[in-house]
Every structure is written in structure tokens, then in C-alpha cells.
Amino acid sequence: MKTISASPRGRVPWVLLVPALLGLAFLVLPLAGLLIRTPWPTMGTRLAQPEVRDALGLSLFTATLATLVCMVCGVPLAWLLARVSFPGLRLVRALVTVPLVLPPVVGGVALLLVLGRRGLVGRWLDSAFGITLPFTTAGVVLAEAFVAMPFLVISVEGALRAADLRYEEAAATLGASRWTVFRRVTLPLVAPGIVAGGILCWARALGEFGATITFAGNFPGRTQTMPLAVYLALETDPQAAIVLSVVLLAVSVAVLAGLRDRWIS
Amino acid sequence: MKKSLLALALLPVVLAGCGSTATKGTPAPGRTLTVFAAASLTESFKALGRTFEAAHPGVKVTFNFGASSALAQQITQGAPADVFAAASPATMKTVTDAGDATAPKTFVKNRLEIAVPPANPGKIVALKDLANAKLKVVLCAPQVPCGAAAIKALGAAGLKVTPVSQEQDVKAALTKVELGEADAALVYRTDVKSAGDKVKGIDFPESLKAINAYPIAVLAKAPQAALAQEFTQLVTSAPGQQVLQQAGFEAP
């Protein structure tokens with residue numbers, strides 16, 4: 001508000017302000033509605049139920065693990081896209097962003113066809129190592145990582161492109177190898193971008209529903225994350241669904257707010 | 001600030017405006033009958049829908065198939081629909097209790113079967129085989145009618161089965177078997193039949209202890225109440241019953 005009144009360009013035009021406020025209300029009102037309908041008096045007893053704790057614990061655990069997986073593979077992938085020129089670069093970048101626009105359920109089906117027990121890779125995993133991924137917690141992590149990784153890659157690639165290349169060039173002229181430059185110069189330079197991308201990635205993984213229920217199924221304590229618990233609770237016990245939703249909302253807001261002040265500006 | 005409050009106050013008006021233009025957008029002469037039906041009714045109701053459309057020129061029947069419990073939730077939250085066909089009286093009761101339908105009528109019965117992949121890798125012959133912890137068994141979630149029926153059947157047999165997943169509706173459970181991801185699933189015999197040779201069905205005597213009655217009702221706020229009445233009449237008529245029984249349903 002302060003910057004608006006201090007602006008030399010005069011009042012904010014109505015044509016922009018009205019739709020902007022409508023948009024704001026549209027985004028905020030449903031959340032307010034959720035809080036208004038929350039059965040606060042019974043909140044404590046409902047939260048103490050083991051199913052709620054299981055689902056919340058599993059959600060936090062799998063989202064964190066999925067983010068780590070995304071970091072380990074996604075940061076090098078972003079570096080490849082930003083710093084190495086090779087034929088088909090544009091195609092590769094387009095492919096990386098596909099899961100961003102793909103309906104997550106489709107992602108889940110695709111994962112089943114590749115990593116399922118009868119899948120292209122999954123068949124071999126099963127016969128050679130006895131590993132089957134569907135219906136396991138590892139399957140939840142994979143489903144979440146599949147959907148969330150593009151968020152990390154895009155945001156890290158953006159940070160890499162915005163970073164000043166001269167530092168890397170200076171290090172290279174002083175004889176540093178490409179790996180040393182990456183480790184000692186590039187990484188510290190884009191650390192805020194990586195953290196921001198990691199948070200986006202974590203938040204997306206936490207909210208993942210379609211790919212998870214399709215690929216990993218739904219079993220309390222093993223693959224039933226919070227969004228799945230909300231969906232199924234809504235069918236028979238809407239009050240429980242509201243409580244679960246409020247918890248998920250609180251966790252997301254707390255993490256985003258807490259980290260935002262520190263790392264993202 | 002006062003003006004921004006005004007904008008907020010106007011929001012419902014604007015949104016309501018959007019909603020009504022959307023419904024008015026449908027062409028005037030054609031009418032649409034909206035039927036919410038349990039996932040297990042997918043194939044037979046689609047066939048009945050075509051019959052209904054042929055007998056009523058200008059009428060289009062659209063379906064929303066899903067877990068009955070999810071559909072019941074949508075209806076009580078105000079989803080516009082004309083007919084609701086549920087896979088259990090309990091789910092229909094949530095709709096009638098909310099005053100959204102009256103006088104539901106049972107039109108078919110259905111029971112469970114074990115669905116296994118055609119090669120039957122788990123070598124399953126009876127319900128008790130599902131208790132083998134090495135097998136990957138998929139059930140419907142307990143909130144969904146087919147899940148409730150599975151619990152009843154397993155309880156009647158005194159069996160404890162730990163599934164690898166509790167699926168959100170019966171078709172999702174069946175799909176896991178079709179894809180070979182699960183060794184077995186408890187689904188309705190009608191689902192086994194509709195899957196053709198993609199799965200094999202194994203009948204089990206305990207299924208008689210968990211027979212689901214399917215109720216159908218015209219919804220209180222049905223935009224096409226007359227058509228809805230005619231559709232439920234088709235479903236309960238002799239030709240309608242024939243389609244349903246061919247799909248594996250039993251007479252009520």
C-alpha cells in the first residue's frame with residue numbers, strides 16, 4: 001500500500017484493481033471457508049487418531065525423500081540444460097517440462113507401465129532383484145518425484161542462466177576443472193535458487209495425489225498420504241476430511257512462510 | 001478500502017452470473033439427462049443410455065460413474081443430477097437422509113467374485129487363499145460399497161486379509177489385476193464379466209453373505225424430473241432388466 005500511494009504515476013486504475021481483488025478473493029475465500037467450517041472443538045481428538053498421524057508422517061517423509069531424489073538428479077540436469085550446448089537441447093528441455101503439464105494420473109499410469117511388475121523396467125527389477133515398486137512407500141516417493149522434479153529443474157536452470165558467468169570463467173582460466181568450478185563456484189552462486197526450487201518441489205510433492213493413488217495405491221501407513229486420506233475421508237466423514245485439509249494447509253503455509261523469509265526474496 | 005470491500009461483496013454475484021450463463025449455454029431443443037451411477041454399472045448403464053436416447057429423440061444421457069460414496073457426496077453438495085443409482089443402500093441413505101431423494105427402489109443385486117490375471121500367478125482357487133501374505137491382494141477402500149462388501153464376506157469366512165492397496169472404486173481395483181500388478185482383487189462379478197478375457201473370475205460361496213442391493217432414485221432437485229422417472233422405469237422394466245442380467249447382475 002505504501003509503495004502505491006508513493007508512486008508518481010497516480011492512482012491504481014480500476015480496470016486493474018477490481019479484477020486483481022476478485023482474483024485475490026477467489027484464491028483466499030475457499031481457504032477461509034475451510035477454516036470457518038473446521039470443527040475446532042473436536043480438532044484435538046481427531047488429530048490424535050493414529051490414521052491422521054500415519055498419513056501426515058508418511059506425507060512429510062515421502063515429500064522430503066522425493067525432494068532429495070529431485071535434488072540429486074535435478075540440479076545436474078538443470079546444469080546440463082543451462083551450461084552445455086548439445087544437439088537436441090531444446091527437445092530435452094521440452095521433455096523435462098512435460099510432467100509439469102501432464103495430468104498426474106497419466107503420469108501414474110505411465111509409471112505403472114514402465115516400473116510396474118509387468119512394466120518394461122519393472123519386469124526386470126522383479127525377476128533380477130525381486131523388487132516391485134507399486135503399492136510400496138518407495139513407489140509413493142517415485143510418483144511424487146516424477147511430478148515434482150520439473151519444478152526444481154526449471155527454477156535451478158533459471159538461477160543458473162541469471163548467474164554471472166564471469167566468476168565461472170575466471171575460475172576456469174585459473175585452471176579449475178569443470179567439476180571444481182561447478183562445486184566451488186556455481187553451486188554456492190545458485191544456492192538460493194536451489195533452495196527455492198527445492199521448496200517448490202517439496203510443496204508439490206506434499207500435495208501429490210493422482211500419480212500416487214494410480215501408481216502406489218492407497219494403504220494406510222504405507223502409501224496413504226494426506227491428500228489420499230482427505231479424498232477418501234470426504235466420502236464418508238466430511239468432518240474428518242476438513243480436519244485433514246486444515247492440517248495439510250497449516251503444514252504447507254508454515255513451511256513456505258518460514259523458508260520464504262530466510263531464502264527467497 | 002471501501003471500494004475493495006464492495007468488490008468482495010460483488011464476488012458472489014459475478015460468480016453466480018458465470019454459473020447461470022454456463023447452464024443456459026446448452027441448446028434449447030435438446031435436453032440432457034444426467035445420471036450418477038456406481039462404477040460397476042458403467043457398461044450396462046451406457047447400453048441402457050443408448051436405448052433411452054433412441055427412444056427419446058433430442059435427449060442426451062450423460063453419465064457420471066464413480067464410487068457410489070463419492071457420487072453421494074457430490075449430490076449432497078449440490079451437484080446437478082437427475083438420477084442416482086448406488087451400489088449399496090447405505091450410500092443411498094446418505095442422499096435420502098439429506099433430503100436429496102425419496103423412495104429409492106432396489107433394481108438389481110450383485111455379489112463379489114475374486115478377479116485374478118488370466119494366468120492366475122497366485123494359484124488362487126478359494127477365498128482363503130487371499131490370506132497368503134506373499135500375494136498382492138487389492139480391495140476396495142472400506143468407505144466404498146465394494147470395500148464394505150469385501151469386509152463382510154471376509155468377516156463371514158473368518159479371514160484376515162491384508163491388502164496392498166485399498167482402491168478408490170471397484171474399477172480401479174480391477175485395473176490393478178488387469179495390469180498384472182495385483183495377484184487378486186475382490187470385485188463384483190459384473191466387473192469380471194465386463195473385463196472379458198483380461199481377467200479370470202473365481203466364484204466363492206462366502207459371497208452369498210455379502211450381496212449388495214443396488215437402489216435407484218430420482219433426485220429431488222432433478223432438472224429433468226420427468227425424463228429421470230422414465231429412465232428409472234426403463235431400468236426396472238423387463239428389457240432393462242435383461243441388459244443388466246446379461247451383464248451379470250441378479251434380479252432384485
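The structure presented is a predicted model; accordingly, all values stated were derived computationally and were not measured. Note: hydrogens, waters and symmetry copies are ignored here, and every other heavy atom, side chains too, is used. Here is how names work: the chains are called A, B, and so on, in the same order as the sequence lines, proteins then strands, and each is numbered from 1.
No option in A:Thr132, A:Val121, A:Leu133 other than A:Thr132 meets the side-chain contact (heavy atoms from CB on, under 4.5 Å) test with A:Asp126.
Of the atoms belonging to A:Leu24, not a single heavy atom falls under 4.5 Å from chain B. With a 4.5 Å cut-off on non-hydrogen atoms, B:Ala72 does not touch chain A at all. At a 4.5 Å heavy-atom cutoff, the contact between B:Asp183 and chain A is made by backbone and side-chain atoms alike. Heavy atoms of A:Arg222 lying under 4.5 Å from chain B belong exclusively to its side chain. Proximity to chain A is absent for every atom of B:Ala172, based on heavy atoms less than 4.5 angstrom apart. For a residue to count as touching a neighbouring chain, one of its non-hydrogen atoms must lie under 4.5 Å from one of that chain's; by this rule B:Pro142 does not touch chain A.
Contact check on B:Lys136 versus B:Glu181 returns no salt bridge, with no Lys/Arg side-chain nitrogen under 4.0 Å from an Asp/Glu carboxylate oxygen.
Under the 4.5 Å side-chain criterion, counting only non-hydrogen atoms from C-beta, A:Val243 is in contact with A:Pro39. Within the 4.5 Å cutoff, no side-chain heavy atoms of B:Pro80 are placed close to those of B:Gln74.
In plain terms, the two heavy atoms of B:Ala87 and B:Ser68 that are nearest each other are N-OG, 2.9 Å.
Listed options B:Glu167, B:Gln166, B:Gln73 were ranked by heavy-atom pairs under 4.5 angstrom with chain A; first place goes to B:Gln166.
The distance between the ring centers of A:Phe219 and A:Phe135 does not fall below 6.0 angstrom.
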